[in-house]
Amino acid sequence: DNWTDDEWWMDQENRALIKNEGYWTINEGEAEGKILGGNLGTFNLLHGTQYMPDISDSVLFIEDDSESQTVHFDRQLQALIHQPGFDSVRGLVIGRFQKESQIQRDDLEDIIRTKKELDKIPVIANVDFGHTEPKITIPIGGQVYIKALSDSTKISFKNRN
């Protein structure tokens, strides 16, 4: 019901809880694929190295921290879009932004709409992972199915069997 990015370890009795709006469906659609991603700025440090994974046929899970402002997130996302294999990325899931980043839903929707490469893939945002609490653990390398509709959104992690 609520989320926070306060320093919970400092004072458990006085938490700054924020009402959870739920997932934001930015682009509708369905996709499944291999899960890749992480903190966007850190993930982008892998570009051009032997450690950059093949992002083909993946559903990317990205998030950023309080230092990310709208212009920085926009640039970092564009850099990721320019990577080999992005043309076959199947979906994009974005973790919740910290309050200090000041990135609001309208800002994020504007960024996504300027990226023609994202037009035909589902994009879900405001998901419980990254630098806010609570957070779910994303099984990087696992498989996921996402369904993004204006009235309902679903993220299902699949067993490797």
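Note that the coordinates shown come from a computational prediction; the quantities given were computed from them, not determined experimentally. Just so it is clear, the values below take in all heavy atoms, side chains as well, and ignore hydrogens, waters and symmetry mates.
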Notebook entry, point to check: If two hydrophobic side chains count as joined below 4.5 Å and joins carry through other members, does I94 share a cluster with I140?
Noted result: yes
Next item on the list: Kindly assign one of parallel, tilted or perpendicular to the pair F97 and F73, based on the angle between their ring planes and the thresholds 30° and 60°.
Entry: perpendicular
Check: If we only count heavy atoms from C-beta on, is the N20 to R96 side-chain gap below 4.5 Å?
Finding: yes
Check: Are L60 and I136 grouped together when hydrophobic residues (ILVMFWY) are joined by side-chain heavy atoms under 4.5 angstrom apart?
Finding: yes
Next item on the list: Can you measure from CD1 (I35) to CD1 (I146) and round to the nearest 0.5 angstrom?
Entry: 10.0 Å
Notebook entry, point to check: What are the two closest non-hydrogen atoms of K19 and W3, and how far apart are they?
Noted result: O-NE1, 3.7 Å
Item checked: Minimum heavy-atom distance H131-N39, with the two atoms named -> CE1-ND2, 3.7 Å
Notebook entry, point to check: To the nearest 0.5 Å, how far apart are CD1 in I26 and CG in D110?
Noted result: 10.0 Å
Item checked: Nearest-0.5 Å distance, CG of residue L46 to CD of residue Q83 -> 9.5 Å
Notebook entry, point to check: Do L80 and H47 come within less than 4.5 Å of each other through their side chains, counting heavy atoms only?
Noted result: yes
Check: Is the shortest heavy-atom distance from the side chain of V144 to the side chain of F157 under 4.5 Å?
Finding: yes
Notebook entry, point to check: Side-chain contact, heavy-atom cut-off 4.5 Å: L118 with I81?
Noted result: yes
Item checked: Any F43 side-chain heavy atom under 4.5 Å of P53 side chain -> yes
Checklist line | Donor-acceptor contact below 3.5 Å, side chain E28 vs main chain S150 | finding: yes
Next item on the list: Working to the nearest 0.5 Å, report the span between CD of E109 and OG1 of T25.
Entry: 10.0 Å
Checklist line | Nearest non-hydrogen partners of A125 and L108, listed with the distance | finding: CB-CD2, 3.4 Å
Item checked: Distance, nearest 0.5 Å, that separates CD of Q76 from CG of L40 -> 5.0 Å
Item checked: Same cluster (ILVMFWY, side-chain, under 4.5 Å), Y51 and I55 -> yes
